[in-house]
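To keep things clear, I will list the structure first and then write my remarks on it.
Read the numbers this way: they start at 1 and go in the same order the structure lists the ligands and their atoms.
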Amino acid sequence: MASQFSLLPAVATVLAATVLLCGTNGQLSSSFYSTTCPNVSTVVRTVIQRSLVADSRITASLIRLHFHDCFVNGCDGSILLDGNESEKGAAPNANSARGFDIVDNIKLEVEDVCKGVVSCADILALAAEASVSLSGGPSWNVLLGRRDGRTSNKEGAETNLPSPFATLNEIVQKFARVGLNINDVVALSGAHTFGRVQCRFINDRLYNFNNTGNPDPSLDPAYLVILRNTCPQNGSASNVANFDPATPNLFDNNYFSGLLKNQGLLPSDQVLLSMPGVVNHFAQNQTAFFESFAVAMINMGNINPLTGSSGEIRSNCRNPN
Ligand code: HEM
């Protein structure tokens with residue numbers, strides 16, 4: 001498997017250079033709002049920066065919203081819609097996805113400076129980039145021009161978003177469905193370098209792996225002790241553990257060094273170890289990870305956008321107009 005990734009840095013660099021130089025991809029363009037809302041990126045970034053004071057996790061939560069948006073009906077802001085049958089109520093999002101109130105604040109401030117111009121889908125794409133760069137990670141030119149969908153697809157969220165208990169094969173298939181490849185899977189999984197996980201997702205690994213009554217033998221024993229402290233047996237399933245015990249709020253390449261130490265938190269993280277070549281590469285070379293991550297984020301942001309006269313520019317991200 002490792003040899004398949006030997007070209008990864010070169011390919012990623014060429015792709016990144018192409019995207020950065022051209023600034024367009026399909027119908028999206030990095031200069032989409034240059035005349036209609038030139039300060040939109042600054043507004044988005046400033047609101048996030050302010051929110052970070054009260055909530056050090058908000059950056060992680062916001063990038064996850066963009067991921068969960070793009071995998072269901074494309075990047076069309078559908079995750080932001082309220083309603084009984086909306087994506088918000090789907091299993092991967094209910095009591096899990098967060099940051100909706102901050103998206104509302106961003107939208108209000110963007111509407112203040114450019115009324116009716118910027119879509120909620122683009123706000124999520126901008127918020128994802130700002131969140132990563134504010135946390136010490138890479139920056140990239142965000143491609144813009146998405147419009148908002150009018151419907152939300154609860155069932156789609158349940159089918160299309162990967163489960164933390166999925167095999168690598170299943171994860172790769174869910175990414176392939178939206179046009180992303182295995183390089184994207186590995187690079188994007190590196191977003192688990194910041195943010196938190198609820199104990200309910202890891203309790204089995206800590207106490208009853210595969211119904212054995214024992215912990216997952218592949219988990220680093222010293223790390224197991226720390227995690228059991230955060231997630232005591234019969235404790236609250238909604239307690240949270242840091243994805244990265246060393247730098248929980250920083251976007252760095254610790255995720256990959258953690259995997260090599262058997263400290264991957266979710267089963268879906270630990271399965272990446274079956275590709276030690278690329279995991280080693282990213283663990284040793286943060287620049288290579290950052291470049292691949294930026295390319296993969298642009299790829300993810302390009303999933304089925306609504307453009308032109310499709311969809312709408314919602315005035316409130318929670319409701320269609
Ligand atoms: C590969 C498949 C993936 C699976 C199975 C997965 C699963 C999960 C799960 C179960 C959580 C914890 C949620 C909770 O405790 O409520 C989580 C959190 C998170 N995920 Fe993923 N994820 C995947 C890929 C991604 C991708 C592609 C990104 C972004 C590019 C991402 C970014 C995050 C972040 C930043 C958090 C922390 C959120 C917070 O603290 O609020 N994940 N993920």
| message | Give me the nearest non-hydrogen protein atom to atom 27 (C) of ligand 1 as residue plus atom name, then the distance to 0.1 Å. | response |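 Here the closest protein heavy atom is L188 CB, 3.6 Å.
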task: Distance to 0.1 Å, residue and atom name: give those for the protein heavy atom nearest to atom 11 (C) of ligand 1.
output: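 For atom 11 (C) of ligand 1, the nearest protein heavy atom comes out as R64 NH2, 3.8 Å.
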Number the atoms of ligand 1 from 1 as they appear, then name those within less than 4.0 Å of a heavy atom of [X], with their elements.
| X | result |
| --- | --- |
| P164 | 5 (C), 10 (C) |
| V197 | 15 (O) |
| L266 | 7 (C), 8 (C), 9 (C), 10 (C) |
| I63 | 35 (C) |
| R57 | 39 (C), 40 (O), 41 (O) |
| S163 | 5 (C) |
| G195 | 37 (C), 40 (O) |

Any luck finding a side-chain donor-acceptor pair between [X] and [Y] under 3.5 Å?
| X | Y | result |
| --- | --- | --- |
| D252 | T193 | yes |
| E87 | N153 | no |
| S78 | N73 | no |
| S61 | R98 | yes |
| D216 | S218 | yes |
| N249 | S135 | no |

**Prompt:** Are K88 and F100 in a cation-pi setup, meaning NZ or CZ lies under 6.0 angstrom from the ring centre and within 45 degrees of the ring axis?
**Reply:**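 Yes, K88 sits over the ring of F100.
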Look at ligand 1 and say whether F243 reaches it with a heavy atom at a distance under 4.0 Å.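 In this structure, F243 qualifies as a contact of ligand 1 - some heavy atom is under 4.0 Å.
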Given [options], which has its nearest heavy atom closest to [atom]?
| atom | options | result |
| --- | --- | --- |
| atom 3 (C) of ligand 1 | C70, A191, P162 | P162 |
| atom 13 (C) of ligand 1 | S96, A296, S56, A60 | S96 |
| atom 6 (C) of ligand 1 | R200, M297, H192 | H192 |

Check E170 with K174, please: is the shortest side-chain N to carboxylate O separation under 4.0 Å?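 Result for this pair is no, no salt bridge flagged.
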**Prompt:** Does the gap between the ring centers of F175 and F71 come in under 6.0 Å?
**Reply:**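 Yes, close enough.
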Would one find an N or O of [X], backbone or side chain, under 3.5 Å from an N or O of ligand 1?
| X | result |
| --- | --- |
| S61 | yes |
| R98 | no |
| R196 | yes |

Quiz item: Among F293, F289, Y255, which residue meets the ring-ring contact (aromatic ring centres under 6.0 Å, His included) test with F282?
Solution: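 For F282, the ring-ring contact (aromatic ring centres under 6.0 Å, His included) test succeeds with only one of F293, F289, Y255, which is F289.
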Using a 4.0 Å heavy-atom cut-off, which part of V240 comes near ligand 1: side chain, backbone, both, or neither?
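None of V240 does.
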